[in-house]
Number of protein chains: 4
Amino acid sequence: MNDFAPTPEADEGDAIGGASREKLRQFVARIERLEEEKASLAADIKEVYAEAKSFGFDTKVLRKVISIRKQDRHEREEQEALLDLYLGVVGE
Amino acid sequence: MNDFAPTPEADEGDAIGGASREKLRQFVARIERLEEEKASLAADIKEVYAEAKSFGFDTKVLRKVISIRKQDRHEREEQEALLDLYLGVVGE
Amino acid sequence: MNDFAPTPEADEGDAIGGASREKLRQFVARIERLEEEKASLAADIKEVYAEAKSFGFDTKVLRKVISIRKQDRHEREEQEALLDLYLGVVGE
Amino acid sequence: MNDFAPTPEADEGDAIGGASREKLRQFVARIERLEEEKASLAADIKEVYAEAKSFGFDTKVLRKVISIRKQDRHEREEQEALLDLYLGVVGE
DNA sequence: TCGGAAATCAAGACCC
DNA sequence: GGGTCTTGATTTCCGA
């Protein structure tokens, strides 16, 4: 079954059951709440860059720094994952 | 001068002054902190979609719903901006 | 191999085969032709705004009106897309 | 007077005269028509890039090529304008 | 897992 | 110079 309504129940005039409807409402609310916070953080980040710029820092370079550090972190995590893998193979 | 260091000060062996260096560190830390929170929220959102999916909801539809509601909000803001424009043009 | 040339062929002194070269030329020509027309239309639009202004209309308001109507159209399309999604999910 | 309505006429219940209203409608229609064509061309261009990609060309490089040629054209026009200026100064 | 499609985001151009 | 529009790049996400 490929319904949008998840629960199989008798139609009461709605294409989607009351329970599902409520559940859907909750999902939408949760997502929108999180999106809002995310947007707020994005705005904060922008502000920090602006402040840094007002201190004379080159935001382009600054962004590059952030990005490289992120990559480094990512690499380090991969290294660790690899190490874990090795250790696992050797036997704990 | 094309330095990354913002403040014009005598070189003391460093290409960037101690104060600026400290300030830079702080900016990087603040940005990374905020980015981290943002990434965390993005992960949360993804989770919610996954949960909704496990409840039988079609995530594609759900995403579309979220997107349309967002546009509605945006449109409402634009309408108000237009009204302000009208008032500004007619008034005074 | 990291060539710009798409087809793997023996080098005959050129880094890119004659056929590909010709094809590339055609793509560039087509794009530039379309870009030209687009620029021309942009100029036309600018003219219309100028004319409207000369008739006493506030171009800022006018632009906002155009923008809102565009959003309306877009939103309507999204609604239809959502409907199609619904139908696709429920139906079949 | 800073009205949006361009023509000073007695209010007939509308904030903007019938003639102006009609004129506005026409401006909106013209602009939207042109915008539509422009959007259509933009879509065409996108298609061409997609087609080029399907032929194995790197669209990023292709875009760069287009952009550089555009700059070249622009420079050449400036050179010519400069030449005209010179010639004008020397006297025809 | 890969590739393409889409959203996000900042940079640049351009006009007022 | 301020604001808007456009473009370009990056990232993200889903489906195959």
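Sequence lines set the chain letters: A, B, ... in the order given, protein chains first and strands last, and positions in each chain run from 1.
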Rounded off to whole Å, could you give me the [atom1]-to-[atom2] distance for the [X] and [N] pair?
{"X": "A:L62", "N": "E:dC9", "atom1": "CG", "atom2": "P", "result": "17 Å"}
{"X": "A:I45", "N": "F:dT10", "atom1": "CD1", "atom2": "C1'", "result": "15 Å"}
{"X": "A:R63", "N": "F:dT11", "atom1": "CZ", "atom2": "C1'", "result": "13 Å"}
{"X": "D:D58", "N": "F:dG8", "atom1": "CG", "atom2": "P", "result": "14 Å"}
{"X": "B:H74", "N": "E:dT8", "atom1": "NE2", "atom2": "C1'", "result": "14 Å"}
{"X": "B:Y49", "N": "F:dG15", "atom1": "OH", "atom2": "C1'", "result": "17 Å"}
{"X": "D:K46", "N": "F:dA9", "atom1": "NZ", "atom2": "P", "result": "15 Å"}
{"X": "D:I66", "N": "F:dA9", "atom1": "CD1", "atom2": "P", "result": "13 Å"}

Heavy atoms from C-beta onward define the side chain here; which of E:dC9, E:dC16, F:dC13 lies closest to that of C:K53? E:dC16
Answer yes or no: is there an ion pair linking A:E51 with B:R30, defined by an N-O contact shorter than 4.0 Å? yes
Does [X] reach a base, just sugar-phosphate, or nothing at all? Heavy atoms under 4.0 Å.
{"X": "D:K64", "answer": "nothing"}
{"X": "A:A42", "answer": "sugar-phosphate"}
{"X": "A:K38", "answer": "nothing"}

The residue, A:Q71 or C:K60, whose nearest nucleotide of DNA chain F is more 5′ is C:K60
Heavy-atom pair of closest approach, residues A:L41 and B:K38: CD1-N, 3.5 Å
Test of understanding: with salt bridge (Lys or Arg N to Asp or Glu O under 4.0 Å), list the residues that count as partners of B:E77, not counting sequence neighbours. none
Charged tip of C:K23 within 45° of C:F27 ring normal and under 6.0 Å: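 Relative to the ring axis of C:F27, which defines the angle, C:K23 lies inside both limits.
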